[in-house]
Amino acid sequence: MGGLWGLVCSLGRKLANACRRPPPSELGDDDLGRAGEKCAARFLQRLGYRIVARGVRYAKGELDLVAWDGSTIVFVEVKTRVSNQRGLPGEAVDLRKQRRMTLAALLYLKRHRLLDRPCRFDVVAIVWPPSSRQPEIELTRNAFEAVGCEGFFS
């Protein structure tokens with residue numbers, strides 16, 4: 001995952017209203033994931049990212065969020081969990097997931113004629129305990145390099 005587990009960004013009071021949702025104990029897994037993605041998008045916007053797409057799906061991969069950070073296009077994977085019991089949420093972005101994201105990112109870049117633009121992969125890890133209405137968020141910028149795309153354009 002590119003060094004230490006991330007640049008830690010605290011939610012603080014700024015995001016208290018942006019991420020108000022029912023506690024995770026009242027949500028199913030899909031609802032928790034969607035709530036986490038919405039919260040992550042607001043979090044990133046407050047850091048200056050401009051969100052341009054959500055839930056981009058292709059046959060071989062998906063992108064939770066696509067954003068601009070300055071002149072760099074950023075493909076963001078959001079992992080939301082109720083605890084760290086089985087490891088940090090971002091650790092779930094394994095090599096298989098990285099390959100699928102890389103393929104989806106290449107398809108996105110090609111489809112939107114952005115192949116000449118700098119890009120990177122970020123991971124937002126959210127821990128949302130059942131007893132809390134506000135999650136903890138960690139951002140890892142440049143979490144991994146593009147993998148598994150040899151011969152993609154040949």
Donor-acceptor pair, side chain of Thr102 and main chain of Val147, under 3.5 angstrom: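 Here the side-chain-to-backbone pair exists.
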Grouping I, L, V, M, F, W and Y whenever their side-chain heavy atoms are under 4.5 Å apart, do Val127 and Val93 come out in a common cluster?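 Not linked; separate clusters.
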Given the rule in the side-chain contact (heavy atoms from CB on, under 4.5 Å) test, do Leu139 and Phe43 qualify, once you have shown the distances and angles that lead to the verdict? CA-CA 9 Å; Leu139 168 64; Phe43 176 77; 4.1 Å; yes
Approximate separation, where rounding is to 0.5 Å, of [X] [atom1] and [Y] [atom2]:
X: Ile73; Y: Leu115; atom1: CD1; atom2: CG; result: 10.0 Å
X: Gln134; Y: Trp128; atom1: CD; atom2: CH2; result: 9.5 Å
X: Arg46; Y: Ile137; atom1: CZ; atom2: CD1; result: 10.5 Å

Looking at every heavy atom in both [X] and [Y], which two are closest together, and how far apart are they?
X: Ser71; Y: Pro118; result: O-CG, 3.6 Å
X: Ala67; Y: Ile51; result: CB-CD1, 3.8 Å
X: Ala40; Y: Ile126; result: CB-CD1, 4.1 Å
X: Gly61; Y: Ala104; result: C-CB, 3.8 Å
X: Gly33; Y: Thr80; result: O-OG1, 4.4 Å
X: Ala143; Y: Val123; result: CB-CG2, 3.5 Å

Side chains of Met101 and Phe144: does their closest heavy-atom pair fall under 4.5 Å?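 Yes, at least one pair of side-chain atoms sits under 4.5 Å.
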For Arg111, give me all partners under salt bridge (Lys or Arg N to Asp or Glu O under 4.0 Å), at least two apart in sequence or on another chain.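 Applying salt bridge (Lys or Arg N to Asp or Glu O under 4.0 Å) to Arg111 gives none.
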Decide yes or no on side-chain contact (heavy atoms from CB on, under 4.5 Å) for Asp122 and Phe75, but give the supporting numbers first. CA-CA 6 Å; Asp122 288 2; Phe75 301 102; over 6 Å; no
Would you mind listing every salt bridge (charged side-chain N to carboxylate O under 4.0 Å, His left out) that reaches into residues 47-63, with sequence neighbours excluded?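 For residues 47-63, and leaving out neighbouring residues, the salt bridge (charged side-chain N to carboxylate O under 4.0 Å, His left out) pairs sorted by first residue read Arg57-Glu62.
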Sequence neighbours excluded - salt bridge (charged side-chain N to carboxylate O under 4.0 Å, His left out) pairs with any residue from residues 63-77: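 Passing the test, one end in residues 63-77: Asp69-Arg120, Asp69-Arg141, Glu77-Lys79, Glu77-Lys97.
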Test Val74 against Cys119 for side-chain contact (heavy atoms from CB on, under 4.5 Å), laying out the working first. CA-CA 6 Å; Val74 184; Cys119 63; over 6 Å; no
Holding to side-chain contact (heavy atoms from CB on, under 4.5 Å), I want the full list of residues that pass it with Val56, two or more places apart in sequence or in another chain.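 Only Ala53, Tyr58, Leu63, Val66, Tyr108 meet the side-chain contact (heavy atoms from CB on, under 4.5 Å) criterion with Val56.
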